Each structure stands twice: as structure tokens, then as C-alpha cells.
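Notes follow once the structure below has been shown.
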Protein chains: 2
Amino acid sequence: MSDSATGLIETEAGAEPRNGERRRGIDRVIMLLEALLRHRAPMRVGDIAKMIGAPRSTTYEIVNSLLEAEMLENVGTEGYVYFGRAMHLFGWAYSHHNAHYRRIIETLDKMAAETGETVQLCGLRGNKYIVLDCRDSSGPFRISSDVGVEVPIPWTASGRLLLGHMSEEEVKDFIPPGDYKLPDGRVIAPAEFFSDVALARQQGFSETAALADRFTWCMAAPIRDGHGAINKTLCFVLPVDTAETRRSELLALLCERARGLSLAGS
Amino acid sequence: MSDSATGLIETEAGAEPRNGERRRGIDRVIMLLEALLRHRAPMRVGDIAKMIGAPRSTTYEIVNSLLEAEMLENVGTEGYVYFGRAMHLFGWAYSHHNAHYRRIIETLDKMAAETGETVQLCGLRGNKYIVLDCRDSSGPFRISSDVGVEVPIPWTASGRLLLGHMSEEEVKDFIPPGDYKLPDGRVIAPAEFFSDVALARQQGFSETAALADRFTWCMAAPIRDGHGAINKTLCFVLPVDTAETRRSELLALLCERARGLSLAGS
DNA sequence: ACATGCTGTCTGAAATATCAGACAATAACG
DNA sequence: CGTTATTGTCTGATATTTCAGACAGCATGT
């Protein structure tokens, strides 16, 4: 953050930054919002402009429109902006419009209340894993993870389940090679990952211990849609030293609830 | 307006629908999202076009862009669209970026769990009242109200608190005259409303019984910001026939928690 | 059978939104 | 003190996007 702007420019997916190109306002808006989501903190207009590769004058124009609509709002007095109240309302409308999602959220609440552990709802976004919603542990040992942040699929237990419908070949094509490398430098052998995926499919759940970080034990169970496909998973994020007896209790609960949320294969 | 779909065209605030006018894509997007929020259900592209007063061809163009960005998504197979997953992520980012809001949400969760009643976080949007977030009662008697729907201020207990900083004159100018009329046809005398506002300010809480509808008892307590102003309120929505003893318990809890969420006047 | 209403996709043309760049203010730094 | 970066606002030109309307396809109703 200390430096000027180096490293701010994260390459835009699918967008050729060919200079002298003119872009549509709507596309700029989309890029802007996604950049803000990735950045996960209020940004200044100048930095946004760099991040989305737009001229400053254009960026000001757009930001002011979005501010007026409360889709963005000013944070602090130094010209920082972040998502605004309208986004919250739109997002709420999204997550409550369908009965299935509402049931899922209720279950999330209930499980968090009953167990006091961190519970997450997870899914895929493109070829990455994201947390769709979560309830953080109430205890002092809080492993908070951000909703919407993209994470390589092989780092996660849920990811193993979410690829269950793919053949080994498809998985190989789907996962970017770099995604097998863990944050601490270790590399997961693709073959090992493929067999994990197969195991997860067969067991109907998936667990990882100290994978993406050294402190967590993750367990995931599938939520199936009307066609039996796995779109989402329910998971617990536990301290890695959780006793085996409690872990198996929680795993049983997780599987039961996830099954309860699955739609009967019509 | 003469055409078939009468009633669909809700007049756009601050937008002159002068024909033959050209509008910016960004503005169309904003109108579209707000229209969808007001409508509270998936819509077809043709109806959206009518609602925001845009040509169909333009609307298709915009909707397709937003679909691709997952800001909208298809619902069902009949061409209906509604908010998409990206909106949920943006909204989540909004509501968790600031520590105060996070504390409020935790309190909301806790109160709902402890009491089993419907708890809401409320605020103003322009000169209307809206629910910003809520936890619905777990009981069979469920009074669900939608986050983000605009409601006339005089219909609500929270509204009386949220106007606490205004003089009688200011309140009079602020509330649209039609907003004193309740859904069942009764009309609140403005003078009575002003004194309610004064009473709420003095008491530090506000209650309404069977006001906006015949079945609910609402109680609201103020959450003050760093300057002592009331931006948001915490409230319970109870069945009207809740026993007086329980009501006063809940009111005490409400006031205590709201005070706990208020920021010390710096 | 026809008439009517809708959807979703294209087209060309005209209006304008995006752009590069200039500008004054302010801040940080040696 | 000058030098170098900022921010936020304006400007005018042109490349682009919005728009009206036509089109085929598929319903529905009479």
C-alpha cells in the first residue's frame, strides 16, 4: 500500500487492455464493482481508474453516478469509496427471493447457533472456489473468511466435492496448473487431487486437514440440486486440533443437514 | 400509460420521461436495478423495458451485459430475470466492511436467537422508511417484511425516532402529505404524529400498536452514531396480543442492546 | 383461417458519452 | 524553495452506443 501504484493493476480477465480502446460505461461499471470486490477495501478514485484501466475523467464520472444511486458510498473523508447501501438491498433481494436459498440460510443460522462453530456455504465461480455465505464461530478462536473471495479449488474440501461430476480429464483441463500450489509453497500432486475428488464423490463428503493453512480442519458435505448435481456445499471450518469424537459428531450433523437441503432428484 | 400494461409504469423519481430522449447506459442500469428492487420478483425483459421507459432493444442489450456479469440471473425458463449472485457478494462486502455494521448484525442474530421474535434494523432512504436487515421470528406466527421496501415514515415506530432531530416544521416539509394515510384508509393527524415524534425523542424509544396492520405491535430503539444522531433503529415486531409483561421485558432488552450499539458521542 | 400479442435479434443513423488532456489546488519531499 | 504527485473539474472532438423500427418465430384467441 505504501508504494505508488505498482501491483495495483491486476490483469483483467478476458479484457484486452489494448490502448486507445473505448469502452462502454456499463462495462466499466462491472469492472469497477468486480475490482472493488477483489480489493476488499475502500479505494480512491485514482486507484480504481488504474485498476480497471480507465481514464480518470471517465472514472470520476462513473463513480459519481454510482454514488448518487447509493451503489457506492464515500468512506472516510479522504475520497475513498466502497460499496453502498443499495448493494446491500439488491444482495438481500437476491438471497431471499428463492425458497431454497432461504432454507439454506436458516440452516446456516441454526447450525452456527447449535455448534458455535464457523459454518460456510460454498460454491464455484468460474474455475475458482468461493464462500457464498458464512456464520463465523462465536468463540475466541475465530477463523474468518471473506465471502466472495476467489480461492484455488484444490485448496479446499468443498472444491473436491464440487468437481464430483467431472471426469479426471475434465478436472485436469478445468484447474489452472498454478492452482495446485498451496500458499506455503507445497504443491499438491494432480494425481493425488484426482483421487481425492473420486474419494469425495464416493464418500459423499470431504475433509482436509491443515491444507490451505496450518490451523484449520475443514469438512464439507454436498447440497444437491433437482438433478442430483452438486452446486453448493455446506462446511465446517474447525480448529485443526478439534478432538476426533467431536469432529465425527459434527461431520454427521453436517451430512445430515446437507442431505436435508438437497432437492429430491426429480 | 394508455396501453395494456397499465400500472406497470411506476413514475420514475426525478426522471423526466420526455420522449425521444436518449439516456446513458449507466443510468439505465441504475433504473433497472431499482425497478427490480421495487418489484421484488423476477421480471421479463419486456416488462422491465416498460417499467424503466427504455426501448426494448436497449433493455435486451443491458440485461445481457448484466447477466454475463452475474449481476442478474435467469429465473425459470420463461425469460424471467432477477438479481444475480454477484449482487449478493457486493452486498455482503458492503455489510461487513465496517466494524460497526458487523456488530449490529451480530446483535441482531443474538437477539433473534434469544427471543425467537422478529428483529429488524431500520433506517431512512430519502423520505421513506426501509428495513435494512432482519431476522424473522422462528415461530409459526411469522411476520415477514422485506428488506429494502420503501414504506411511509408515519406508519412505523422507527420512523418516529428517526425524525427526532427535526423540528416540527422540518418534519412537516419532509413527509409527503399522502404518507399520513394508512393502508386501511385511516389517516393519522399530522399534529398527533408530531407529538409522537416528540414523545419518542423524550422517551428514547417508540411503540406502535396495530398501526400499519392490525396484527403487529412494533417497538423501536435508537442506535446513535458518533455525533449522537439517530441513523438506524433496532426494533421488534411482535404479535399485537403479546402479554404486557413480555412486552416490557423485550422493550428493556431492545433499549439496552440499542444503547450498546450506539457509538459514544465523541 | 386470421388477427393480435409477445419475444429475441438485427440493422443503420444520429446523438452523445467516453476519452485525452489541460487546469488549478493541494500535498509530500528533499 | 523548487520538484513531483496527487485530486477533482472542465473542455471539445470523435468513436460509439443508444435508439427506432423491422423481422421471424411462437404463442394465444376468435
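Everything quoted here is computed from the prediction, not taken from an experiment. Quick note on labels: first sequence line is chain A, next is B, and so on, each numbered from 1.
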Closest to the B:Arg28 side chain, choosing from D:dG8, D:dT6, D:dC19: D:dC19
Touch class at under 4.0 angstrom, heavy-atom based, for A:Arg56 against every strand present: base
Aromatic plane relationship, A:His97 with A:Tyr94 - under 30° parallel, 30 to 60° tilted, over 60° perpendicular: tilted
Donor-acceptor pair, side chain of A:His88 and main chain of B:Leu132, under 3.5 angstrom: yes
Check: A:Arg160 side chain, A:Pro154 main-chain N or O, donor-acceptor pair, under 3.5 Å: yes
Inter- and intrachain pairs under salt bridge (charged side-chain N to carboxylate O under 4.0 Å, His left out), touching residues 81-96 of chain A, at least two apart: A:Glu70-A:Arg85
Near-strand residues of residues 57-67 of chain A, defined as heavy-atom separation under 4.0 angstrom from DNA chain D: A:Ser57, A:Tyr60
Pairs satisfying side-chain hydrogen bond (donor to acceptor under 3.5 Å, both in side chains), at least one member in residues 147-156 of chain B, at least two apart: none
Of all pairs that satisfy salt bridge (charged side-chain N to carboxylate O under 4.0 Å, His left out), the ones with a partner from residues 90-103 of chain A, not counting sequence neighbours: none
DNA chain C contacts made by residues 68-82 of chain A, counting heavy atoms under 4.0 Å: none
Phosphate OP1/OP2 of C:dG8: any B:Arg44 side-chain N/O under 4.0 Å: no
Bending between helix ends of the helix from C:dA1-D:dT30 to C:dG30-D:dC1 [5 pairs per end, 10° resolution]: 40°
Any N/O donor-acceptor pair, B:Arg24 side-chain to D:dT18 base, under 3.5 Å: no
